[in-house]
Undergrad: 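Quick one: structure below, then a few questions.
Residue numbers count from 1 along this sequence. On a predicted model such as this, the values are computed, not experimentally measured, just so you know.
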Amino acid sequence: LIVEGPMVTDMRANFAEDWNHFANKNKYVGRNRRIAPIPQSVIDAIEAQRAAERASGLRGADHYSRWLKDPEQRMNGIGRYIAQKPYKDINTITEAYLQYLDGVSNYLGITNPVPWDTRTEAPATRGLRPHYLSFNNFNRLHDKVQELMRDRKGVRVDYITSGGDFAANEAVPMTVDRIAGYVERGAYVRANANQVWLDKTTPFLNKLKKPFENLLKDYVVRAKKPGTTVTSEEAYFDNVAVWVHLAFIHQKIFYFDRLAASIGSLNFLQNATDHAYEATAIIQDAALNREIDHAMVLDMANSFPFTFKNIER
């Protein structure tokens, strides 16, 4: 995603804030190598740029109403950069997504590398478990998406995720890429060592069925037995399509009514929603939407429809 304008200033500001947080928190990396903070002069320059953009009418909540009421402007590059950070506010992206999901009336597109999590009740309230195992934001997003699928039957949902050959994690495609790099450089010993690791671990990782169990539980259409009804617990969604890609996909997209698109680093996973440093750009732009439509259709064409026929029950 290539952006320009005020969003770039926000990205710079977020990077500087996080860098200096860790510079102050972790004084040393390795052996006696201090992390130098970003100078205050750079921070001041970023804030001055923000002020100039606000003065020239390029940013600020005061302009939202005017921009969004203008038919020509509201789909011509309007966007927001949203970052979340555990030390400051872990809820920012979740809150934005919930508001957009509230407004969805026709279409929701989700591209998510691995459907690793499903709704999880709160962990024990003792020790460090509540902090490190919180599913609060994930549950809120998950519940909202489930509600949308169940209660707004006019809404079409496409959920695109990675294929099973990639063992439900990034290790396989990353290792394949690493092996190719070693071969190109003639480092055959390292290439072979990585291939041995891949051969040993992939069969084990492919036995991890949880992502596909979650797809069955949460998203997949279940065909009903003739003459019977399907309860809500059986998740009978005729408006939802799940696509299992032939390869590993790494993009993270939430696409709201083909009007606003979120492209960023936030996986639809508990670790990302509740604990990690993440950022996303939510953009309204007609040209970008056409590109996303094209890309998602290509992804669907290179995927298997994931269905489940439960006719024996």
Side-chain angles (χ1 to χ4, degrees), residues 1 84 86 90 93-94 97 101 108-121 123 132-146 148-149 157-179 194 197-198 200-221 235 237 240-255 261-280 292 295-296 298-308:
L1 181 68
Q84 70 175 39
I90 201 68
I93 299 178
T94 296
Y97 277 16
L101 289 168
L108 175 65
I110 300 174
T111 301
N112 187 45
V114 182
W116 193 254
D117 293 315
T118 186
R119 194 182 207 291
T120 302
E121 296 302 323
Y132 290 104
L133 296 182
S134 170
F135 274 72
N136 181 55
N137 282 337
F138 177 82
N139 285 345
R140 294 165 70 202
L141 279 178
H142 179 271
D143 289 351
K144 180 61 69 174
V145 171
Q146 295 291 305
L148 182 149
M149 292 189 302
V157 178
D158 284 311
Y159 188 113
I160 307 174
T161 190
S162 299
D165 288 344
F166 288 84
N169 70 89
E170 303 173 9
V172 173
M174 291 171 66
T175 305
V176 169
D177 186 62
R178 190 180 303 119
I179 292 170
N194 278 266
W197 179 90
L198 198 63
K200 295 291 185 182
T201 58
T202 301
F204 168 75
L205 293 172
N206 275 330
K207 293 179 181 178
L208 300 176
K209 300 177 181 179
K210 187 174 180 180
F212 296 97
E213 290 174 352
N214 290 341
L215 285 175
L216 287 172
K217 176 183 177 182
D218 296 331
Y219 299 101
V220 170
V221 173
F237 302 131
V240 180
V242 175
W243 306 89
V244 178
H245 203 278
L246 293 171
F248 183 84
I249 57 172
H250 203 233
Q251 66 264 32
K252 299 93 172 170
I253 299 173
F254 265 66
Y255 194 19
S262 172
I263 302 175
S265 67
L266 187 86
N267 292 288
F268 193 13
L269 299 172
Q270 169 261 355
N271 181 62
T273 56
D274 288 78
H275 304 289
Y277 294 77
E278 307 286 359
T280 194
I292 294 174
M296 291 186 71
L298 283 178
D299 284 337
M300 294 174 198
N302 287 285
S303 301
F304 290 103
F306 193 61
T307 60
F308 177 70

Undergrad: Show, in sequence, the C-alpha distance, side-chain angles and deciding distance for T94 and T273, and conclude whether the side chain to side chain donor-acceptor pair (under 3.5 Å) test is met.
TA: CA-CA 7 Å; T94 296; T273 56; 5.6 Å; no
Undergrad: Whether the side chain of H245 engages the backbone of P113 through a donor-acceptor N/O pair (distance < 3.5 Å, no angle test) should be reported.
TA: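 Checking the backbone N and O of P113 against the side chain of H245, no donor-acceptor pair under 3.5 Å is found.
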Undergrad: Kindly indicate whether the side chain of F138, heavy atoms from C-beta on, has any atom under 4.5 Å from the side chain of N271.
TA: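 No, side chains not in contact.
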Undergrad: Check whether D274 reaches the backbone of N137 with its side chain - one donor and one acceptor, N or O, closer than 3.5 Å.
TA: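 A pair under 3.5 Å: yes.
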Undergrad: Please check this pair: side chain of T280 against backbone of I263, looking for a donor-acceptor N/O pair closer than 3.5 Å.
TA: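 Confirmed, T280 side chain pairs with I263 backbone.
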Undergrad: Hey, are the side chains of K252 and L266 touching, using non-hydrogen atoms and a 4.5 Å cut-off?
TA: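 SC-SC contact between K252 and L266 ruled out.
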Undergrad: Looking at NZ of K144 and CG of L101, how far apart are the two atoms once the value is rounded to the nearest 0.5 Å?
TA: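 Here the rounded value is 7.5 Å.
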Undergrad: Start with the C-alpha distance between T175 and N194, add both sets of side-chain angles, then the distance that settles side chain to side chain donor-acceptor pair (under 3.5 Å), and finish with yes or no.
TA: CA-CA 7 Å; T175 305; N194 278 266; 5.1 Å; no
Undergrad: Working to the nearest 0.5 angstrom, can you tell me the gap between W116 CH2 and E213 CD?
TA: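 Result: 9.5 Å between the selected atoms.
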Undergrad: Quick one: side chain to side chain donor-acceptor pair (under 3.5 Å) partners of Y255, sequence neighbours excluded?
TA: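 Y255: side chain to side chain donor-acceptor pair (under 3.5 Å) contacts with D293.
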Undergrad: How long is the straight-line distance from CZ of F268 back to OG1 of T161, given to the nearest 0.5 Å?
TA: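 Reported value, rounded in 0.5 Å steps: 11.5 Å.
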Undergrad: Taking the six-membered ring for Trp, are the ring centroids of F306 and Y219 within less than 6.0 Å of each other?
TA: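 No, they do not, as the ring centres are separated by 6.0 Å or more.
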Undergrad: Under the salt bridge (charged side-chain N to carboxylate O under 4.0 Å, His left out) rule, collect the residues that match up with D299, sequence neighbours excluded.
TA: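 Testing D299 for salt bridge (charged side-chain N to carboxylate O under 4.0 Å, His left out), a comparison that skips the adjacent residues, returns none.
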Undergrad: To the closest 0.5 Å, what do you measure between CG (L141) and CG (N136)?
TA: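 Separation between the atoms: 10.0 Å.
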Undergrad: Give, for atom CD of Q251 and atom CE of M296, the distance between the pair rounded to the nearest 0.5 Å.
TA: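 Nearest 0.5 Å value for the CD-CE distance: 8.5 Å.
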Undergrad: Where is the tightest heavy-atom contact between I292 and A261, given as atom of each residue plus distance?
TA: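 Heavy atoms of I292 and A261 come nearest at CD1-CB, 3.3 Å.
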Undergrad: Rounded to the nearest 0.5 Å, what's the gap from OH on Y159 to CG on D218? Could you check?
TA: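 So the gap between those two atoms works out to 8.5 Å.
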Undergrad: Counting C-beta onward and ignoring hydrogens, is there a side-chain heavy-atom pair between P86 and H275 closer than 4.5 Å?
TA: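 The answer is no, as the side chains (C-beta and beyond) never meet within the 4.5 Å cut-off.
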Undergrad: Sequence neighbours left out, what passes side chain to side chain donor-acceptor pair (under 3.5 Å) with S303? Give chain and number order.
TA: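 Per chain and number, S303 pairs via side chain to side chain donor-acceptor pair (under 3.5 Å) with no residue.
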Undergrad: Determine, stepwise, if the pair Q270 / T120 fulfils side chain to side chain contact (heavy atoms under 4.5 Å, CB included).
TA: CA-CA 9 Å; Q270 169 261 355; T120 302; over 6 Å; no
Undergrad: Using atom types as modelled and distance alone, determine if a side-chain donor or acceptor of T111 lies under 3.5 Å from a backbone N or O of I160.
TA: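 Between the backbone of I160 and the side chain of T111 there is no qualifying donor-acceptor contact (under 3.5 Å).
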Undergrad: Any heavy-atom pair between the side chains of N267 and V114 that's under 4.5 Å?
TA: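 Counting from C-beta outward, V114 and N267 never come under 4.5 Å.
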Undergrad: Might you point out which heavy atoms bring W243 and P305 nearest each other, and give the distance in Å?
TA: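 Here W243 and P305 meet closest at CZ3-CG, 4.0 Å.
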